[in-house]
Amino acid sequence: MNKVSKDNFTQEKYKYGFVTEIESEKIPKGLNEDVIKLISKKKNEPEWMLEWRLSAFKRLENMSVPKWAKAEIDEIDFQDLYYYSSPKDFKEKPKSLDEVDPKLLETYEKLGIPLKEQKVLAGVAVDAVFDSVSVATTFKEKLNEIGVIFCPISEAIQKHPELVKKYIGSVIPVTDHFYATLNSAVFSDGSFVYIPKGVKCPMELSTYFRINASETGQFERTLIIADEGSYVSYLEGCTAPMRDENQLHAANVELVALDDAEIKYSTVQNWYPGDENGKGGIYNFVTKRGLCKGKNSKISWTQIETGSAITWKYPSCILRGDNSTGEFYSVAITNNYQQADTGTKMIHLGKNTKSRIISKGISAGKSSNTYRGLVSFHKKAKNAKNFTQCDSLLVGSECKANTIPLTENSSNSSSIEHEATTSKISDEQLFYCMQRGLDAEEAQSLIVNGFCKEVLQKLPMEFAVEAQKLVSISLEGSVG
Amino acid sequence: MLEIKNLNVTVEEKQILKNLNLNIGKGEVHAIMGPNGSGKSTIAHTLAGKPNYNVDSGEVNLNGEDLLSKDPYERSLNGLFLAFQYPIELPGVTNASYLKQIVNAHRKSRKETPIDAGEFLKILKEKSKLLDIPMDMHSRFVNAGFSGGEKKKNEVLQMDLLNPSLIIMDETDSGLDVDALKTTADAINKLRNDERSFIIITHYLRLLDYIEPDYVHVFQNGSVIETGDKTLASRIDQKGYS
């Protein structure tokens, strides 16, 4: 029974695995001061930025790779990587889409991200990052009219240095940990968003990251600032070609919400996960942190993690402003030999701060899936509240699920509620659905989507349907 | 329409069905009665293709086609419906979207387009009313937290939506109070027609008071030991199985 044709699935499984045949310009392999100077020069950066990078590099020399994650990671030779790659002849970002290399437009078209504005999803502005450079940003003028800045961070460094200087590294200190520091030294591109006081950004802002070149690390840096009383919803998507070697992706994302501001940050992470034998795939070591700086501010992280050979990320909230709120909604799916160690930190500093964590981990194949979280109440965090729910779903019997929730409580008026469940898709459930006419894959997909429904509902509507499909595709071949 | 020939079935290394023979014609209603542990439910599960129900030998034909070589979902698409004794819960999946999905799976196999949302709602309202099912049950998760009666009614509703040609009911009467039993039986009686056949597996006579069978089979130790008409059921009810 369960005649599932596995061959078809592996063919279809990762449809973003193609390579764009475009000549790239790389700076020599290796990690040293010259490389950093060269990156800075390519980006036309002011002196202060280069100094900031170099000081990060100095600190890096005395740091080592963190080892605590529940993942088996092959040693990475940081001298054997390219730190910068851009499409050839890409001296300056094209002024309009007409000037963008048709091959690049075609690439994004194939990925389902049309950049031609007339074709773009209504109400979504896109910044497209290809290897180390931003190749196109849509709806820029329209956003400019209401004072919203949405541009590559390399451009923001030149045009809005006062904002960048003030906030870069203010949420993730340069010295935070090895990968965050590495990113600070060599970051190439990423998105910059500033929402002025009182403005509710009228469209979804979105960045689409694509790693194309081989042996290249992608180190993007994103900075989002929501000024007083403003609101923005931001979404990032990511894919990479199928390659046999592992590729490194180490991003830093910083969010700052001032008084009464709200940032909703959603991720659909679909980096190449490696093949069914665990060969290749992206190492996704990402640092994401939001600072609820002002009173009544709110930061909400929603993530759908389906890709990467190893995922290692903990989008966190520092709740400094009184009455501020942090949320983390996560679906992490691992199949074959994938490893995910993901979760969140909610650091309660202000009074009446609230946080909510809903994590859904789904493991299939021989994969390993860990939720790691920290909820911390500081002394001044009077009446702080947290609710945590961690659910794990196992598909098959060779996978692993772990839940590691930590709490630190120095405030005696606060409350933490924690719920955790581990369940297995039962043969009974599958048989029941199949008896009603669903094949094995459809039945599994129905059950898994039900399991993560609560989180999928948090995604912007335009992406919820896509995410549902992605959830099903990620588990294909794991039945029977 | 259904022919079972010399069927032998083993579950967990124990032989449960022994040389079972049964023929069911178009539009007929057959009741299978028997004591607990006699293998009644095994017939239902084997016909539906439940994993680990191993057919050692024998043949089953449904509408002239070999049934045993088909996957469970193919059997469903070919018109076999099993109403579960203990319907399974699907947390997070709303009943309405589940029902729509199974209806669409059947439409797809007939090469029809997916059902329009408005049309589906209309049909769902109509059929729910017949079973006294309140519409808000459909926004709850499939069978999760449903009462015994609600679960059984939900099975009959699916039966009605999928338009099967062979309906197997595994102890559908258990867990129903008298009112619910009557409503459910009325709905089932409305599904009876010249084309559709039923196998009603039950321990008690009471369902057969509402749904009159054409044949009653007494089942013991994995095979049919006696076949008769409705009067056989009454006799068993009075005298027991021995």
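Keep in mind that what you see is a predicted model, and the values were worked out from it rather than measured. Here is how names work: the chains are called A, B, and so on, in the same order as the sequence lines, proteins then strands, and each is numbered from 1.
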Exercise. Got a sec: does the CD of B:Glu112 have more than 12 other heavy atoms crowding it under 6.0 Å?
Worked result: yes
Exercise. So A:Tyr432 and B:Phe84, would you call those rings parallel, tilted or perpendicular, with 30° and 60° as cut-offs?
Worked result: perpendicular
For this session: Decide if atom NZ of A:Lys400 counts as having more than 12 heavy atoms of other residues, nucleotides or ligands within a radius under 6.0 Å.
Result: no
For this session: Return the option, out of A:Gly450, A:Cys452, A:Ser423, A:Ser426, with the maximum number of heavy-atom pairs under 4.5 Å with chain B.
Result: A:Gly450
For this session: State whether A:Glu327 and A:Lys298 are salt-bridged, where the test is any N-O pair (Lys NZ or Arg NE/NH1/NH2 against Asp/Glu carboxylate O) under 4.0 Å.
Result: yes
For this session: Search all heavy atoms of A:Thr334 against all heavy atoms of A:Ala340 and return the closest pair with its distance.
Result: CG2-CB, 3.5 Å
Exercise. Between B:Glu28 and B:Arg196, is there a salt bridge with N-O shorter than 4.0 Å?
Worked result: no
For this session: Against chain B, label A:Phe451 side chain, backbone, both or neither, depending on which of its atoms sit under 4.5 Å from a heavy atom there.
Result: backbone
Exercise. Given the options B:Ala48, B:Ser109, B:Pro164, B:Ala105, which has more heavy-atom pairs under 4.5 Å with chain A than any of the others?
Worked result: B:Ala48
Problem set entry | Contacting region of B:Leu80 [heavy-atom separation from chain A under 4.5 Å] | both
For this session: Tell me, for A:Asp439 versus chain B, whether the close heavy atoms (under 4.5 Å) come from the side chain, the backbone, both or neither.
Result: both
Exercise. Of the backbone (N, CA, C, O) and the side chain (C-beta and beyond), which part of B:Ala144 lies under 4.5 Å from a heavy atom of chain A, both, or neither?
Worked result: neither
Exercise. Can we say A:Glu442 and A:Arg436 salt-bridge, meaning some charged N sits less than 4.0 Å from an Asp/Glu carboxylate O?
Worked result: no
Problem set entry | Residues from residues 85-103 of chain B approaching chain A under 4.5 Å (heavy atoms) | B:Pro87, B:Ile88, B:Glu89, B:Leu90, B:Pro91, B:Gly92, B:Val93, B:Thr94, B:Tyr98, B:Gln101, B:Ile102
Problem set entry | Sidechain N-carboxylate O distance under 4.0 Å for A:Lys313, A:Glu305 | yes
For this session: Return the minimal non-hydrogen interatomic distance between A:Leu394 and A:Ala401, and the atom names on each side.
Result: CD2-CB, 3.6 Å
